[in-house]
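For reference, the structure is listed below as structure tokens.
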Amino acid sequence: MEQNKNNFKIVSDKKARMILPNAVTLIGVCIGLTSIKFAIDGKFAIAIIAILFAGLMDALDGRIARLIKGTSKMGKELDSLGDVISFGVAPALIMYFWNLQYLDKLGWFVCLTYVVCVALRLARFNVSTEEESSWKDNFFEGIPSPAGWLLILMPLIYDLTNLNIGLEVKKLTPYFTILIAILLVSKIPTLALKKISISPKATVFLLLGIGIVFISLLFYTLETLLIFGITYLISIPISVIIYSNQNKKNSEKISEDNHED
């Protein structure tokens, strides 16, 4: 009888390990959907912060799953669905309630275009992760959806920071949104930084940088997000140059190997 009690389990150890990362993903989905409610109420600053937290949940769920060995096919699919909601539907609707709704059918067309591109981007990413690893793993094809939400919200973030540099962002919003949507599904290489190794000596400076970023987000949230967005846009042409140089070196190496054979 005592042995049966010890063997009795509600769920297996593997399934128990799957619950935590999937729960984190669902929390992120709920936060992403809640950002839409804030946008409907006109609380756009809080809506942006909500998506920021949804992005944090998205960054944590995969790492938690790998850490506790709780990865699963269900978790992968759930993560993609969550990304469509948090980084596709939510930011598109936030922009719609802020400005695009005044463009009537064109505004809704812009929203739909962005959401469709996010869905296509995630579907392509899921397929590409099944391919063999190579140096190209340090690059994404197009901009990733977690970066896409920040970029399309930049006009709104700029407007909320009350920066006066004579830029009428509301007129540029539909064109900028379409541009970001195209970049999502494009073949333009962007830095992924998956395999960047950090020396022990640099760890202190990395932690210091993380601390500074956290403090900046705490006291100057919108301004910090705007700087992140601008920095990422600047990094895109730099990524293209790095990718081209790496691809050229790799091609030359393959050519040399073929000649030696």
Does one hydrophobic cluster hold both L122 and L78, with members joined at side-chain heavy-atom distances below 4.5 Å?
-> no

Side chain to side chain contact (heavy atoms under 4.5 Å, CB included) partners for I215, two or more places apart = F219

Does the side chain to side chain contact (heavy atoms under 4.5 Å, CB included) test come out yes or no for L208 and V204, once each step is laid out?
-> CA-CA 6 Å; L208 176 62; V204 175; 5.6 Å; no

Distance col, row L184:CG vs T113:OG1, nearest 0.5 angstrom, shows 11.5 Å

Under a side-chain separation threshold of 4.5 Å, the hydrophobic residues clustered together with F38 are I46

Could you tell me the separation between the CE atom of M95 and the CD1 atom of I152, rounded to the nearest 0.5 Å?
-> 6.0 Å

Within residues 100-123 or reaching into it, pairs that qualify as ring-ring contact (aromatic ring centres under 6.0 Å, His included) - sequence neighbours excluded = Y96-W108

For the atom pair CD1 (I241) and CD (Q246), what is the distance rounded to the nearest 0.5 Å?
-> 14.0 Å

With sequence neighbours left out, write down each residue that passes side chain to side chain donor-acceptor pair (under 3.5 Å) with S80, or none if nothing qualifies.
-> N126

State plainly whether one hydrophobic cluster holds both F176 and L106, where clusters connect Ile, Leu, Val, Met, Phe, Trp and Tyr through side-chain heavy atoms under 4.5 angstrom apart.
-> yes

Return each pair, listed once, that meets salt bridge (charged side-chain N to carboxylate O under 4.0 Å, His left out) where at least one residue sits in residues 160-169; pairs must be two or more places apart or across chains.
-> E168-K171

To the nearest 0.5 Å, tell me how far L52 CG sits from M57 CE.
-> 10.0 Å

For atom CZ of F53, decide whether the heavy atoms of other residues, nucleotides or ligands shown that lie under 6.0 angstrom number more than 12.
-> no

Taking only residues at least two apart or on different chains, which pairs with a member in residues 202-214 satisfy salt bridge (charged side-chain N to carboxylate O under 4.0 Å, His left out)?
-> none

Dump the intermediate steps for side chain to side chain contact (heavy atoms under 4.5 Å, CB included) on D159 and F44, then the final yes or no.
-> CA-CA 11 Å; D159 188 66; F44 295 108; over 6 Å; no

Are L150 and F214 connected in a single hydrophobic cluster, I mean Ile/Leu/Val/Met/Phe/Trp/Tyr linked by side-chain heavy atoms less than 4.5 Å apart?
-> no

Smallest separation among heavy atoms of L153 and P91, with atom names | CD2-O, 4.0 Å

Those residues that, when tested against S186, pass side chain to side chain contact (heavy atoms under 4.5 Å, CB included) (two or more places apart) | L183, I188

Any salt bridge (charged side-chain N to carboxylate O under 4.0 Å, His left out) involving residues 31-59? Give me the pairs, sequence neighbours left out, ordered by first then second residue.
-> K37-D41

Might you work through the side chain to side chain contact (heavy atoms under 4.5 Å, CB included) test for V118 and W149, ending with a clear yes or no?
-> CA-CA 9 Å; V118 169; W149 77 261; over 6 Å; no

Which ILVMFWY residues can you reach from F205 by hopping between side chains whose heavy atoms are under 4.5 Å apart?
-> none

For the atom pair CD1 (I143) and CD1 (I180), what is the distance rounded to the nearest 0.5 Å?
-> 5.0 Å

Please list every donor-acceptor pair under 3.5 Å in which a side-chain atom of residues 23-35 meets a protein atom from a residue at least two apart or in another chain.
{"from": "T25", "atom 1": "OG1", "to": "P21", "atom 2": "O", "distance (Å)": "3.0"}
{"from": "T25", "atom 1": "OG1", "to": "D61", "atom 2": "OD2", "distance (Å)": "2.7"}
{"from": "T34", "atom 1": "OG1", "to": "C30", "atom 2": "O", "distance (Å)": "2.6"}
{"from": "S35", "atom 1": "OG", "to": "G32", "atom 2": "O", "distance (Å)": "2.4"}

Taking all atoms of both residues into account, what is the closest heavy-atom pair of T173 and P155, and its distance?
-> OG1-CB, 3.6 Å

Roughly how far apart are I51 CD1 and L56 CG, rounded to 0.5 Å?
-> 13.5 Å

For K187, what residues pass the side chain to side chain donor-acceptor pair (under 3.5 Å) criterion, not counting sequence neighbours?
-> E141

Treating Ile, Leu, Val, Met, Phe, Trp and Tyr as nodes and any side-chain heavy-atom pair under 4.5 angstrom as an edge, say whether L103 and W98 lie in one connected cluster.
-> yes

Under a single-linkage definition using a 4.5 Å side-chain heavy-atom cutoff for Ile, Leu, Val, Met, Phe, Trp and Tyr, are I212 and L206 assigned to the same hydrophobic cluster?
-> no

V89/I36 under side chain to side chain contact (heavy atoms under 4.5 Å, CB included): CA gap, chis, key distance, verdict | CA-CA 9 Å; V89 177; I36 300 174; 4.2 Å; yes

In terms of heavy-atom contacts, F87 and S145 come closest through CB-O, 3.6 Å

Closest non-hydrogen atom pair between R121 and G142, with its separation = NH2-O, 4.1 Å

Between side-chain atoms of residues 220-239 and protein atoms elsewhere (two or more places apart, or another chain), which donor-acceptor pairs fall under 3.5 Å?
{"from": "T221", "atom 1": "OG1", "to": "L217", "atom 2": "O", "distance (Å)": "2.3"}
{"from": "T224", "atom 1": "OG1", "to": "S216", "atom 2": "O", "distance (Å)": "3.1"}
{"from": "T224", "atom 1": "OG1", "to": "Y220", "atom 2": "O", "distance (Å)": "2.6"}
{"from": "T231", "atom 1": "OG1", "to": "I227", "atom 2": "O", "distance (Å)": "2.7"}
{"from": "S235", "atom 1": "OG", "to": "Y232", "atom 2": "O", "distance (Å)": "2.6"}
{"from": "S239", "atom 1": "OG", "to": "L191", "atom 2": "N", "distance (Å)": "3.3"}
{"from": "S239", "atom 1": "OG", "to": "S235", "atom 2": "O", "distance (Å)": "2.8"}

